[in-house]
Amino acid sequence: MDEVEGVLNGTYDYTQLKGETGPLVYPAGFVYIFSIFYYLTEHGSNIRLAQYIFAALYLLTLFLVFRIYVVTKKVPPYVFFFMCCASYRVHSIFLLRLFNDPVAMVILFFSINLLLQDHWNWACFFYSLAVSVKMNVLLLAPGLLYLLLCRFGLLRSIPKLCICAVLQVLLGLPFLLENPTGYLIRSFDFGRHFLFQWTVNWRFLPEFVFQHRAFHLALLTAHLAALLLFCVHRWPRRSGQSLLALLKDPAKRKPSSHRLTANKIIFVLFSSNFLGVMFSRSLHYQFYVWYFHSLPYLLWCTGTRVLPGLAKILILGLIELSWNTFPSTALSSGILHLCHGAILLHLWFGVPPDETWASRPTTHTPTKRKD
């Protein structure tokens with residue numbers, strides 16, 4: 001509220017906007033949405049009403065996530081209980097902390113639902129809107145780009161990408177006109193330094209290693225390498241399928257080449273996001289919602305039987321335990337990485353859902369849609 005109050009009072013220079021918790025470091029969409037909350041909650045003083053608003057966002061998030069799971073038909077219904085009732089941390093993030101992460105994620109899940117309905121223009125619009133609330137949504141950008149190329153090829157993907165770019169410019173225009181460098185550096189700061197005291201995932205490291213630039217570069221390299229490997233070997237229907245074929249118009253490809261199904265869309269997006277979380281320089285407690293609702297799909301989507309159902313529930317429980325340990329410890333961070341590693345191996349060695357469900361239709365909508 002302090003941060004958006006500065007904008008409402010007429011300050012558009014991002015370098016001058018700050019609150020008690022520090023400077024404003026989120027893009028312009030955050031400012032507009034939380035300005036609405038500012039007025040609805042009597043300048044931020046009506047906390048109970050704010051909690052009701054975030055309770056509604058929480059229920060809407062569950063509705064959108066369940067809708068994705070109904071379409072993909074991969075996750076058994078009993079897992080929904082754990083998603084709804086077993087996460088103290090997620091309930092805290094929504095209803096006690098009132099962070100902007102849940103706002104970004106509910107918009108993102110709405111965008112993904114639009115993708116499943118084959119409304120690509122609107123999906124790109126709302127994806128970009130989610131990015132404008134918090135930059136973590138960019139973790140899905142590699143997967144979204146892959147899907148756009150699968151669906152449209154290079155030339156027809158450009159207008160969709162322009163929708164994303166133009167919206168960012170329009171939302172940020174008042175701040176770009178005032179101080180473009182300040183806005184870009186503050187709202188899209190990829191080199192931001194994180195405090196060691198808040199890290200959930202790297203507590204077992206010495207602080208000087210955690211803050212060292214070489215460590216950051218190593219994580220970035222590992223992240224890019226993992227994305228490339230998944231792009232070549234896991235996302236296509238056949239491992240090693242030429243990525244150059246993605247640049248062609250879909251009408252000029254082989255009929256089975258890079259075909260999209262609902263499961264492929266979700267597998268690509270959720271795995272892209274998971275890789276970004278796994279190799280993150282630091283995870284703070286509110287970041288749990290970045291991937292919490294996708295974990296059941298990641299554990300149940302592949303055809304492998306290496307992990308029985310009880311083992312998958314155990315992984316979910318251990319991840320929850322790691323995120324609920326405050327302050328984090330070397331043990332809790334280590335357990336979190338072991339669970340992430342198990343999920344990564346599960347995704348790598350399991351049969352991709354697109355191959356096991358290839359006979360299912362791509363979407364609910366007619367195939368004549370062009371947007």
Side-chain angles (χ1 to χ4, degrees), residues 1-45 47 50 53-54 57 93 97-108 111 124-141 144 161-199 211 213 216 219-220 273 276-277 280-287 289-290:
M1 296 294 98
D2 289 338
E3 293 166 359
V4 300
E5 189 174 49
V7 177
L8 297 174
N9 288 335
T11 302
Y12 294 99
D13 184 348
Y14 246 60
T15 62
Q16 304 300 317
L17 295 170
K18 59 183 179 180
E20 291 184 5
T21 58
L24 174 56
V25 293
Y26 307 121
F30 161 83
V31 173
Y32 300 131
I33 292 175
F34 274 76
S35 294
I36 296 174
F37 294 162
Y38 179 85
Y39 286 116
L40 290 177
T41 60
E42 302 170 13
H43 299 184
S45 62
I47 304 301
I53 294 172
F54 273 77
L57 288 175
I93 292 169
R97 312 304 174 186
L98 311 181
F99 286 116
N100 59 331
D101 303 74
V103 179
M105 295 310 296
V106 71
I107 299 173
L108 173 65
S111 170
C124 289
F125 175 89
F126 282 100
Y127 172 81
S128 185
L129 181 61
V131 172
S132 76
V133 177
K134 192 156 188 179
M135 196 172 56
N136 71 282
V137 180
L138 287 174
L139 295 178
L140 290 88
L144 179 60
L161 297 175
C162 287
I163 291 174
C164 298
V166 169
L167 181 62
Q168 291 299 317
V169 173
L170 291 177
L171 291 174
L173 191 59
F175 311 102
L176 290 169
L177 292 176
E178 182 70 23
N179 185 352
T181 303
Y183 174 73
L184 294 174
I185 290 177
R186 280 288 178 85
S187 59
F188 295 99
D189 184 6
F190 292 97
R192 181 182 173 189
H193 289 282
F194 295 99
L195 296 177
F196 184 66
Q197 70 182 92
W198 295 115
T199 187
Q211 298 289 1
R213 185 170 178 79
H216 303 164
L219 288 174
L220 177 61
N273 184 56
V277 171
S280 176
R281 286 191 291 123
S282 184
L283 295 175
H284 294 179
Y285 286 96
Q286 66 267 32
F287 298 177
V289 295
W290 292 4

Quiz item: Given Leu17 and Glu3, is the side-chain contact (heavy atoms from CB on, under 4.5 Å) satisfied, shown in steps?
Solution: CA-CA 6 Å; Leu17 295 170; Glu3 293 166 359; 5.6 Å; no
To the nearest 0.5 Å, what is the distance between [atom1] ([X]) and [atom2] ([Y])?
{"X": "His284", "Y": "Ile93", "atom1": "NE2", "atom2": "CD1", "value": "12.5 Å"}
{"X": "His43", "Y": "Tyr39", "atom1": "NE2", "atom2": "OH", "value": "6.0 Å"}
{"X": "Tyr127", "Y": "Cys164", "atom1": "OH", "atom2": "SG", "value": "7.5 Å"}
{"X": "Asn179", "Y": "Gln16", "atom1": "CG", "atom2": "CD", "value": "8.5 Å"}
{"X": "Ser128", "Y": "Leu170", "atom1": "OG", "atom2": "CG", "value": "9.5 Å"}
{"X": "His216", "Y": "Leu219", "atom1": "NE2", "atom2": "CG", "value": "7.5 Å"}

Close side-chain approach of [X] and [Y], heavy atoms under 4.5 Å:
{"X": "Asn136", "Y": "Phe287", "value": "no"}
{"X": "Asn100", "Y": "Phe34", "value": "yes"}
{"X": "Leu176", "Y": "Leu184", "value": "yes"}
{"X": "His193", "Y": "Gln211", "value": "yes"}
{"X": "Met135", "Y": "Phe190", "value": "yes"}
{"X": "Leu8", "Y": "Ser35", "value": "yes"}

Practice problem: Go through the side-chain N and O atoms of Asp101 and Trp290 and say whether any donor and acceptor fall under 3.5 Å apart. | Solution: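 Side chains of Asp101 and Trp290: pair found under 3.5 Å.
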Practice problem: Measure centre to centre between the rings of Phe99 and Tyr285, then say whether the value is under 6.0 Å. | Solution: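 Ring centres of Tyr285 and Phe99 not closer than 6.0 Å.
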Would you mind writing out the side-chain donor-acceptor pairs for residues 18-30 within the sub-3.5 Å range, not counting sequence neighbours?
none

Practice problem: May I have the step-by-step check of side-chain contact (heavy atoms from CB on, under 4.5 Å) for Leu171 and Tyr32, ending in yes or no? | Solution: CA-CA 9 Å; Leu171 291 174; Tyr32 300 131; 3.8 Å; yes
Practice problem: Kindly give the heavy-atom pair with the smallest separation between Met1 and Thr41, and that separation in Å. | Solution: SD-OG1, 4.4 Å
Quiz item: Hey, mind stepping through Val31 and Tyr12 against side-chain contact (heavy atoms from CB on, under 4.5 Å) and telling me if it holds?
Solution: CA-CA 11 Å; Val31 173; Tyr12 294 99; over 6 Å; no
Quiz item: Picking from Ile107, Val131, Leu129, what satisfies side-chain contact (heavy atoms from CB on, under 4.5 Å) with Val137?
Solution: Val131
Exercise. Could you go through the side-chain contact (heavy atoms from CB on, under 4.5 Å) check for Leu98 and Phe37 one step at a time?
Key: CA-CA 11 Å; Leu98 311 181; Phe37 294 162; over 6 Å; no
